[in-house]
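Heads up, the thing below is written out as structure tokens.
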Protein chains: 2
Amino acid sequence: MAKGMDDTIAVRIGKALADRIISGAIEPGARLRQDHIAEEFNTSHVPVREAFRRLEAQGLAVSEPRRGVRVAAFDLGEVKEVAEMRAALEVLALRHAAPHLTSAILDQAEEATKAGDKSRDVRSWEEANRAFHRLILTPCGMPRLLATIDDLHAASARFLFAAWRSEWETRTDQDHRAILTALRQGNTESAAAILGRHVQWIGRKPVRTASGATREAFAIVG
Amino acid sequence: MAKGMDDTIAVRIGKALADRIISGAIEPGARLRQDHIAEEFNTSHVPVREAFRRLEAQGLAVSEPRRGVRVAAFDLGEVKEVAEMRAALEVLALRHAAPHLTSAILDQAEEATKAGDKSRDVRSWEEANRAFHRLILTPCGMPRLLATIDDLHAASARFLFAAWRSEWETRTDQDHRAILTALRQGNTESAAAILGRHVQWIGRKPVRTASGATREAFAIVG
DNA sequence: AACGCAGAAATTATCTATAACTTTGGATCG
DNA sequence: CGATCCAAAGTTATAGATAATTTCTGCGTT
């Protein structure tokens, strides 16, 4: 329970805010007022400001000097941009990770896939999906690459939660299974090709807005 | 000359420190002591701490809680990692930029290449090289991708300055010319392929250390 | 009714001060 | 002679306070 007890206060606040932004608890464009947040976390505003800088770097918040910081807005263009960046970088990571993948890791990845297929809500599906990608990419041993991919996953999750706020229909992930099969056969290039396409697949869904009209929602579903 | 006069103090300090780290004025592993830096810039330590968070996100500094922040160390592994990330992302950016490239832009890029070939020192070569890449990639219109590439260029420059501290021999950049030729012919895939190889070309050079021994220095030379 | 302009309230950015932690140097003990 | 412990100095992390800027609100004018 004492998760991150040794973390600095600024890091703890940063993680908490990131979680809220990703989950959609704070809406895009909403202002983040440092004194209010400081009061909520029972600290002064200094660590809050440091947390803001971290969120800014992750692309979750934007700051205008003397005008405060807001939750970053996003549109279909950014969804596509993140999808393409993930495709390029995850393929790179997989090529380097492949030689170090053990059957134990691939079994864990299969478990994650099954957990995703069983998920009844977006939140647990996202968790399982992220676990899958993490498992097969981490062995690449490239910390900077993995950190960048993590930030992109955070952005992806945000799009996902914004589009599928509460409704979610279970579906079996054929791509994950195909990737695992290719990896088990030692066919790295084939696995990389599937992963590259998989990550760029953008789900579309008509969503009823508060005003009753229907618009189309977009999110990366991989 | 009042560049960034409207920037916040934290941003100004961040840029100044980034410049020193990249140029090698501060060595890898050196401690960045907030009070000393605050005194130098005639500020308190609070904006200095914010600048630290930004440097951390850029991968130029590492911070251990309660133990201060140091200039990030790097090794051949990270040079290779950055080279591969640049290859993947710059190729992606070029594919999207290609349709928007005008002959005016390509002419500017050719000028940058000539400036690079004429450069007598590393610093001006790096500046010209970065201008070339920026010119042909910016029209992709993907801000997040470009920001990530910028950070990678900063890392590349750091490796470059560390290896070729003062000595530099002029050399004509055939890759840049080949890329421009392919782009002028509308052959995007060929240009992308050359760019991908170009960026991963790691220069090697024997360098005499302070103790008189010779070690091998590595840097991305594209 | 819409627009624009004070004045007031709220908020940001910074500085000064305080508390807590780490490291360092030296003295003591084995 | 070396290791260990203790104390002091230095440094980091947070808190509280201050000045300056922005935003909000209400009123008057067109």
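Remember, it's a predicted structure, so these values are computed and weren't measured experimentally. Below, chain A is the first sequence line, B the second, and so on; all start at residue 1.
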Full working for side-chain contact (heavy atoms from CB on, under 4.5 Å) between His176(A) and His133(A): CA-CA 9 Å; His176(A) 283 196; His133(A) 287 262; 3.6 Å; yes
Shorter than 3.5 Å, N or O on both sides, protein versus nucleotides 19-22 of chain C: list them out with atom names.
none

Letter per nucleotide, 5' to 3', of nucleotides 5-11 of chain C [B base touched, S only sugar-phosphate touched, - untouched; heavy atoms, 4.0 Å]: ------S
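Residues meeting the side-chain hydrogen bond (donor to acceptor under 3.5 Å, both in side chains) test with Arg20(A), sequence neighbours left out: Glu40(A). For His45(B), there are no ring pair (Phe, Tyr, Trp, His ring centres under 6.0 Å) partners, not counting sequence neighbours. Partners of Arg134(A) by side-chain hydrogen bond (donor to acceptor under 3.5 Å, both in side chains), not counting sequence neighbours, listed by chain and number: Asp150(A). Residues satisfying the side chain to side chain contact (heavy atoms under 4.5 Å, CB included) criterion with Ala131(B), sequence neighbours excluded, are Ala112(B). With sequence neighbours excluded, the residues forming a side chain to side chain contact (heavy atoms under 4.5 Å, CB included) with Ala217(A) are Ala163(A), Val207(A), Arg215(A), listed by chain and number. In terms of the side chain to side chain contact (heavy atoms under 4.5 Å, CB included) criterion, Ala147(A) has no residue partners (sequence neighbours excluded). Under the rule for a ring pair (Phe, Tyr, Trp, His ring centres under 6.0 Å), the partners of Phe159(B) that lie at least two apart in sequence or sit in another chain are Phe74(B).
Comparing Ala10(A) and Arg70(A) along DNA chain D, the residue whose closest nucleotide (by nearest heavy atom) sits nearer the 5' end is Ala10(A).
Judged by atom type and distance alone, His45(B) does not reach the base of dT14(C) through any side-chain donor-acceptor pair under 3.5 Å.
Looking at residues 48-63 of chain B, you'll see that no heavy atom sits under 4.0 Å from any atom of DNA chain C.
One interatomic measurement links the two molecules: CD1 of Ile37(A) to C1' of dA15(D), which rounds to 18 Å at whole-angstrom precision.
Within the structure, side-chain hydrogen bond (donor to acceptor under 3.5 Å, both in side chains) contacts touching residues 60-79 of chain A (residues at least two apart or in different chains) are Glu78(A)-Arg144(B). Applying the side-chain hydrogen bond (donor to acceptor under 3.5 Å, both in side chains) test to pairs two or more places apart or on separate chains, those with a residue in residues 25-37 of chain A are Gln34(A)-Arg49(A).
Under 4.0 angstrom from either OP1 or OP2 of dT14(D) there lies at least one side-chain N or O belonging to Thr8(A).
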